There are 2 protein chains.
Amino acid sequence: MGSNGERAARGGQQRAETREVVLAAVRLFTEEGYEATTMAGIAETTGVSRRSLFRRFGSKEDVLFAEHDELFETVVRYMEASPEPPLDTVVSAARLVFQGYVRDPEITVPRYRLVRAHDRLRDREVAMTARYQAAFSHHLAEHAGGGRPSLEAEVVAAALIAAHNHVLRGWLRDPEAEGIWERFDRAMGRVRAMAGPLFEGPRGGEGREDRVLVAVYPSGVERAELLRRVASAVDERG
Amino acid sequence: MGSNGERAARGGQQRAETREVVLAAVRLFTEEGYEATTMAGIAETTGVSRRSLFRRFGSKEDVLFAEHDELFETVVRYMEASPEPPLDTVVSAARLVFQGYVRDPEITVPRYRLVRAHDRLRDREVAMTARYQAAFSHHLAEHAGGGRPSLEAEVVAAALIAAHNHVLRGWLRDPEAEGIWERFDRAMGRVRAMAGPLFEGPRGGEGREDRVLVAVYPSGVERAELLRRVASAVDERG
DNA sequence: CGCTGTATGGCATTCAGTGCCAGAATAGAG
DNA sequence: CTCTATTCTGGCACTGAATGCCATACAGCG
């Protein structure tokens with residue numbers, strides 16, 4: 001689709017304006033209703049012609065998901081460039097996606113409300129997560145022999161996306177709640193724990209990696225006692 | 001009253017005709033192309049009026065996926081009636097879905113080709129599998145405490161669906177190949193092996209079961225900070 | 001200045017999808 | 001069998017998404 005340098009300069013200007021259009025559209029969708037809002041209406045309130053709206057976004061739905069598409073491109077490029085082992089890469093990619101949502105609640109939160117209310121939009125949202133899932137399993141497959149994604153790769157990608165979406169939905173319902181990232185990391189950790197034996201040894205054992213702490217304890221244990229034991233366990237292993 | 005008998009007689013006739021319409025539409029889609037085929041065209045070749053097509057199917061896409069929707073209803077009703085433990089039930093439900101495809105290659109195979117070629121249709125197909133996934137995790141949640149589906153339930157449902165789709169795609173690419181059901185059962189077995197410790201583990205006993213704490217943290221994190229996070233995590237879950 | 005490539009806007013058209021209404025088919029009651 | 005209520009169907013008109021075509025405005029380059 002043409003040279004990159006030109007695109008960057010031009011695209012920069014375009015994107016600023018594009019974001020304004022998206023925000024205006026989101027406002028119209030929530031205030032007037034999605035179905036009731038016409039592309040002609042968006043054109044009128046934004047000053048951009050109806051025809052140009054279709055040229056930029058492709059469709060009415062794509063106005064809502066334009067930012068999402070950009071994010072997807074970013075994530076794919078990140079995975080291609082990442083030198084880490086594939087499982088670490090896709091987990092980081094999932095974190096990137098999550099960040100893409102959390103960073104931009106002005107769009108993602110009202111969009112979530114719209115998505116919940118309209119089947120068509122819900123399908124579109126689901127299709128996006130499916131694209132991520134496909135990209136993830138594809139990445140896992142490429143760095144584990146190439147060819148078509150294996151059963152394991154697809155299952156791990158699906159589990160990862162499901163965990164991501166689980167935490168994400170919680171945040172979308174209550175964007176003000178604290179400790180999102182802790183919840184996210186815990187969810188990722190659990191999927192890793194599940195995926196590890198199935199997929200491959202997730203750890204290389206270098207110095208800079210994440211560490212995993214797993215504690216199994218009877219439900220009757222006191223909070224203080226539990227923390228004391230965890231502390232000593234951490235001390236033992238450095 | 002009489003709604004069942006009436007419906008059965010009437011519905012039976014309708015469905016026979018409906019199936020013919022779907023088959024004719026599939027033929028048109030594959031021969032003339034999906035976009036090039038208009039609802040007016042389908043109406044002409046089937047003898048059913050354009051208006052009635054929209055009434056029966058709702059949309060052009062829904063002509064292709066009409067059978068699929070019926071299958072979904074069947075699967076949901078099966079799960080509601082099943083007395084087996086939830087994990088067994090959803091696995092059986094997945095088998096039911098798989099059977100729904102394999103039993104009717106006349107529609108599912110050409111549909112698969114169409115789905116691969118057109119983004120819109122692909123989204124629709126993906127939305128269907130997402131509906132199954134939601135139904136599965138919902139079933140797992142209902143029979144494990146009720147309320148909103150837990151992370152585990154969603155991850156297991158996603159993994160199950162992913163495995164199902166993996167085997168299904170293999171069959172769709174080559175419907176004549178032998179040993180589909182063996183492949184299906186093996187895939188299900190692997191997911192169960194993976195899901196077992198994650199899903200059934202925490203659900204084992206009454207009040208006395210073990211709890212699992214998983215923490216993932218960068219190796220550079222301070223001891224005190226780590227313990228603080230662990231403490232808050234423990235507090236959140238009780 | 002002219003030339004070329006590109007983004008935009010206006011116009012017309014196709015087609016999916018919906019509301020409205022009239023007519024046909026059918027079930028049920030007498 | 002007849003009358004009636006309900007339901008299914010088809011025709012008609014309309015909205016709006018989406019696309020193609022063409023003219024215009026604006027950039028860079030000689």
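Note that the coordinates shown come from a computational prediction; the quantities given were computed from them, not determined experimentally. Labels below follow one simple rule: chain letters A, B, ... track the order of the sequence lines, proteins then strands, and each chain is numbered from 1.
- A cation-pi geometry, defined here as NZ or CZ lying under 6.0 Å from the six-membered ring centre and within 45° of its normal, holds between A/Lys60 and A/Tyr34.
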(request) Spell out protein contact along nucleotides 11-16 of chain D as letters: B when the base is contacted, S when just the sugar-phosphate is, - when no protein heavy atom is under 4.0 Å; keep the 5' to 3' order. (result) BB---S
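- In this structure, CG of B/Leu53 is placed 15 Å from C1' of C/dT18, rounded to the nearest angstrom.
- Residues forming a ring pair (Phe, Tyr, Trp, His ring centres under 6.0 Å) with A/His68 (at least two apart in sequence, or on another chain): A/Tyr101, A/Tyr132.
- Shown here are the salt bridge (Lys or Arg N to Asp or Glu O under 4.0 Å) partners of B/Glu44, two or more places apart in sequence or in another chain: there are none.
- For B/Glu44 and D/dG10, the CD to P distance is 14 Å, given to the nearest whole Å.
- Within the structure, every side-chain polar atom (N or O) of B/Ser59 is placed at least 4.0 Å from both OP1 and OP2 of C/dA16.
- Nearest-nucleotide mapping onto DNA chain C: of A/Val48 and B/Phe54, the residue sitting toward the 5' end is A/Val48.
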Would you tabulate the side-chain donor-acceptor contacts of residues 72-82 of chain A under 3.5 Å, counting partners in other chains and residues two or more places apart, or write 'none'?
| residue | atom | partner | partner atom | Å |
| --- | --- | --- | --- | --- |
| A/Thr74 | OG1 | A/Glu70 | O | 3.1 |
| A/Ser82 | OG | A/Glu84 | N | 3.3 |
| A/Ser82 | OG | A/Thr89 | OG1 | 2.9 |

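- Contacts with DNA chain C (heavy atom under 4.0 Å) in residues 111-128 of chain B: none are found.
- Annotation: salt bridge (Lys or Arg N to Asp or Glu O under 4.0 Å) contacts of B/Arg120 (sequence neighbours excluded): none.
- Legend: residues meeting ring pair (Phe, Tyr, Trp, His ring centres under 6.0 Å) with A/His166, ordered by chain and number and at least two apart, are absent.
- With sequence neighbours excluded, the residues satisfying salt bridge (Lys or Arg N to Asp or Glu O under 4.0 Å) with B/Arg124 are B/Glu61, B/Asp62.
- If you take CD of B/Glu32 and P of C/dT14, they are 18 Å apart, rounded to a whole angstrom.
- Atom CD1 in B/Ile42 sits roughly 13 Å away from atom P in C/dC15 (whole-Å rounding).
- Qualifying salt bridge (Lys or Arg N to Asp or Glu O under 4.0 Å) partners for A/Glu125, counting only residues two or more places apart in sequence or in other chains: none.
- Atoms OH (A/Tyr34) and C1' (C/dG17) sit 14 Å apart, rounded to a whole Å.
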